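Reviewing the structure listed below.
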2 protein chains.
Amino acid sequence: MSLTCETCPVRDSAACSVLTEEERNELARAGRTRHLSRGETLFTAGDEDTACATLVSGALKITAYDEDGNERILALIHPTGFVGEMFAPFPAHDVVALTDSQLCVFARADMTRALEQHPALTRALLRRSQEDLHLARKLLALGSGFGANEQVSKLLLALAQAASDSPCHPRLQFELPLTRGEMANMLGVTIETVSRVLTALERARIIERKGARGIDILDPARLENFS
Amino acid sequence: MSLTCETCPVRDSAACSVLTEEERNELARAGRTRHLSRGETLFTAGDEDTACATLVSGALKITAYDEDGNERILALIHPTGFVGEMFAPFPAHDVVALTDSQLCVFARADMTRALEQHPALTRALLRRSQEDLHLARKLLALGSGFGANEQVSKLLLALAQAASDSPCHPRLQFELPLTRGEMANMLGVTIETVSRVLTALERARIIERKGARGIDILDPARLENFS
DNA sequence: CGGAGATTTGAATCCACTCAAGTATTGTGG
DNA sequence: CCACAATACTTGAGTGGATTCAAATCTCCG
């Protein structure tokens with residue numbers, strides 16, 4: 001399926017938005033849209049045929065595996081996010097869909113060429129890359145938020161933030177894109193601990209759970225300082 | 001002090017190495033060298049007069065502070081590394097010298113202009129940025145290397161790697177650029193725990209300590225799998 | 001040589017983990 | 001559409017490793 005930028009929900013905010021209409025159309029000819037269902041893999045660490053992609057809708061995770069085969073989640077990608085290696089010969093990590101997702105995929109060679117032809121696109125990607133760096137470091141800061149209570153609380157807030165359209169306020173009612181196992185994994189704690197903290201938060205009437213994944217934040221202020 | 005690229009130890013590997021001699025000289029006219037002693041700050045989160053810099057020699061840390069004022073180390077910068085905000089209005093984190101360091105500093109406006117004039121420089125910085133991203137994620141993966149023993153061992157290896165000139169083999173004898181407190185901080189454990197692990201490693205004759213900071217790695221293989 | 005800061009070491013406590021069992025949710029085939 | 005199986009999640013009890021608190025020792029700079 002080829003690209004239809006006209007109706008793209010991220011046409012004004014993704015990296016390609018810095019291009020002129022004409023340039024964008026040219027780039028679009030090289031790209032393809034792709035749908036991934038939850039759990040499907042975009043590419044795997046070490047893959048030969050490297051691709052790059054902008055996420056249009058849904059959510060992705062970037063994962064690595066330690067020597068014992070344990071998964072480790074390194075990053076979450078949200079719409080407008082960009083994934084893929086432009087310089088290394090092959091991707092270092094796996095990229096997997098967390099929810100049904102819509103992507104805009106380019107062959108690496110085409111993307112490399114586009115970078116050479118459009119300096120503005122390179123600058124836009126540099127900007128994105130720096131943002132990714134900030135996000136990775138934010139996640140790093142989360143990692144040692146001392147107690148498990150604090151870590152889970154802050155992860156919840158971060159996810160609420162990410163689920164929100166508004167860049168600054170968290171969404172108070174949303175569906176977790178992550179399983180308990182994935183949350184535990186991101187924080188370096190066990191599934192049981194995450195579960196217990198959520199139960200405690202609910203009992204303290206700071207959140208409410210709707211089924212396994214639905215979250216209502218009742219008291220954002222107390223969530224912030226829960227320990 | 002103005003720049004003397006001719007004798008710069010990173011002239012062939014820093015981002016500016018992609019420029020022609022002529023272009024580089026032009027950029028050099030905008031830059032200044034700067035020396036930082038251990039503990040000195042390059043810039044602070046929220047600073048007005050944003051600067052960018054390439055690290056020529058020494059080592060830096062990028063740090064954030066949580067609401068209680070606890071320091072959190074987000075990244076280590078080694079020679080050829082680049083720090084500074086090019087897009088955000090002000091830096092998000094503090095940058096502090098871990099050891100005496102030599103830098104090559106540019107005003108943000110000059111760097112922005114250089115990016116517009118030299119697409120190759122932008123590409124080089126994009127590449128660096130992606131490398132930084134990989135490093136941040138590697139650190140993230142370190143974060144939950146299960147036991148404290150494993151975490152400290154792997155941090156030691158990472159530091160030995162960074163101290164090495166060769167890109168692939170660790171240096172077996174080097175000085176830690178970090179205090180116990182800084183190591184503890186990076187791993188989300190306590191100072192005492194780091195100290196105990198080092199003692200255990202020494203008793204197992206896997207490493208040897210020379211004073212408070214000197215490290216000899218006697219048995220890299222066993223260090224790798226210490227648990 | 002002195003003294004401040006950094007590091008090491010020890011003992012007791014506590015929080016998160018492990019192990020285990022039960023409950024809810026999701027997805028699939030009849 | 002329902003029943004069932006598979007998977008995800010919750011909850012409980014007991015254990016262990018890292019923390020906390022406290023004190024001794026080491027290092028390094030002036």
Side-chain angles (χ1 to χ4, degrees), chain A residues 37-40 61 68 70-71 73 96-100 142-156 159 175-204 207-215 226-227, chain B residues 37-40 61 68 70-71 73 98-100 142-156 159 175-204 207-215 226-227:
Chain A
S37 303
R38 160 168 255 270
E40 266 193 285
K61 63 178 174 183
D68 311 336
N70 302 110
E71 182 184 44
I73 298 179
V96 178
L98 286 169
T99 65
D100 290 11
L142 233 190
S144 65
F146 274 22
N149 288 343
E150 280 177 74
Q151 290 189 54
V152 174
S153 303
K154 286 182 179 159
L155 179 58
L156 270 189
L159 292 172
E175 291 278 311
L176 293 169
L178 302 172
T179 65
R180 295 289 180 276
E182 287 166 332
M183 286 193 270
N185 178 316
M186 291 191 74
L187 298 174
V189 300
T190 58
I191 291 178
E192 294 93 324
T193 298
V194 173
S195 184
R196 279 187 250 272
V197 174
L198 290 177
T199 309
L201 284 169
E202 188 164 50
R203 266 208 275 273
I207 67 168
E208 207 162 272
R209 284 179 289 186
K210 302 285 180 63
R213 298 284 183 74
I215 296 284
F226 189 65
S227 55
Chain B
S37 303
R38 161 168 255 270
E40 267 193 282
K61 63 178 174 183
D68 312 335
N70 301 111
E71 181 185 44
I73 297 180
L98 287 168
T99 65
D100 290 10
L142 233 190
S144 65
F146 275 20
N149 289 343
E150 279 176 77
Q151 290 189 51
V152 174
S153 303
K154 285 182 179 158
L155 179 58
L156 269 189
L159 292 172
E175 290 278 312
L176 292 170
L178 302 172
T179 64
R180 296 288 180 275
E182 285 165 334
M183 287 192 271
N185 179 312
M186 292 191 73
L187 299 173
V189 300
T190 58
I191 290 179
E192 292 94 322
T193 298
V194 173
S195 183
R196 280 187 250 272
V197 174
L198 290 178
T199 308
L201 284 169
E202 189 164 49
R203 267 209 275 273
I207 66 169
E208 206 162 274
R209 284 178 288 186
K210 303 284 180 64
R213 298 284 182 76
I215 295 285
F226 189 65
S227 54

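Chain naming here is simple, since letters A, B, ... match the order of the sequence lines and numbering starts at 1 in each. Only a predicted model underlies this, so the values are computations on that prediction, with no experimental measurement involved.
Once rounded to the nearest 0.5 Å, the distance linking CZ of Phe146(B) with CG of Asp68(A) reads 8.5 Å.
One atom, CZ of Arg180(A), and another, P of dA16(C), lie 17 Å apart when rounded to the nearest Å. Taking atom CG of residue Leu176(A) and atom P of nucleotide dT26(C), one finds them 12 Å apart after rounding to whole Å. Here the P atom of nucleotide dT7(D) and the CD atom of Glu182(A) are 15 Å apart, to the nearest Å. The nearest whole Å value for the distance from the CE atom in Met183(B) to the P atom in dT7(C) is 7 Å. dC26(D) atom C1' lies 17 Å from atom NZ of Lys210(B), rounded to whole Å. The CZ-C1' distance, from Arg203(B) to dG10(C), rounds to 12 Å in whole Å. Rounding to whole angstrom units, CZ of residue Arg213(A) and P of dT10(D) are separated by 10 Å. Look at CG on Leu178(B): it is 17 Å from C1' on dG5(C), rounded to the nearest Å.
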Decide side-chain contact (heavy atoms from CB on, under 4.5 Å) for Arg38(B) and Glu40(B); before the verdict, give the C-alpha distance in whole Å, the side-chain angles of both, and the deciding distance to 0.1 Å. CA-CA 6 Å; Arg38(B) 161 168 255 270; Glu40(B) 267 193 282; over 6 Å; no
Take Asn149(A) and Leu201(A) through the test side-chain contact (heavy atoms from CB on, under 4.5 Å) and record every step on the way to the result. CA-CA 9 Å; Asn149(A) 288 343; Leu201(A) 284 169; over 6 Å; no
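Looking at Glu208(B), its side chain never comes within 3.5 Å of a backbone N or O of Ile215(B) through a donor-acceptor pair.
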Could you pull out all donor-acceptor pairs under 3.5 Å where a side-chain atom in residues 178-191 of chain B meets a protein atom, sequence neighbours excluded?
from      : atom 1 : to        : atom 2 : distance (Å)
Thr179(B) : OG1    : Gly181(B) : N      : 3.4
Thr179(B) : OG1    : Glu182(B) : N      : 3.0
Thr179(B) : OG1    : Glu182(B) : OE1    : 3.4
Arg180(B) : NH1    : Ala212(B) : O      : 3.3
Arg180(B) : NH2    : Ala212(B) : O      : 2.9
Glu182(B) : OE1    : Thr179(B) : N      : 2.9
Glu182(B) : OE2    : Lys61(B)  : NZ     : 2.8
Asn185(B) : OD1    : Ile73(B)  : N      : 2.9
Asn185(B) : ND2    : Glu71(B)  : O      : 2.6
Thr190(B) : OG1    : Thr193(B) : N      : 3.3
Thr190(B) : OG1    : Thr193(B) : OG1    : 2.9

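At the heavy-atom level, Thr179(B) lies under 4.0 Å from the strands shown only through sugar-phosphate atoms. At the heavy-atom level, Arg209(A) lies under 4.0 Å from the strands shown only through sugar-phosphate atoms.
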Between the protein and nucleotides 14-20 of chain D, which nitrogen or oxygen pairs are less than 3.5 angstrom apart?
from    : atom 1 : to        : atom 2 : distance (Å)
dA18(D) : OP1    : Ala148(B) : N      : 2.9
dT19(D) : OP1    : Thr190(B) : N      : 3.3
dT19(D) : OP2    : Thr190(B) : N      : 3.2
dT19(D) : OP2    : Thr190(B) : OG1    : 2.9
dT19(D) : OP2    : Thr193(B) : OG1    : 2.2
dT20(D) : O4     : Arg196(B) : NH2    : 3.0

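For Arg196(A), the side chain to side chain contact (heavy atoms under 4.5 Å, CB included) partners at least two apart in sequence or on another chain are Glu192(A).
By the 4.0 Å N-to-carboxylate-O rule, Arg213(B) lies too far from Glu175(B) to be salt-bridged with it.
In terms of phosphate contacts, Thr199(A) brings a side-chain nitrogen or oxygen within less than 4.0 Å of OP1 or OP2 of dT11(D).
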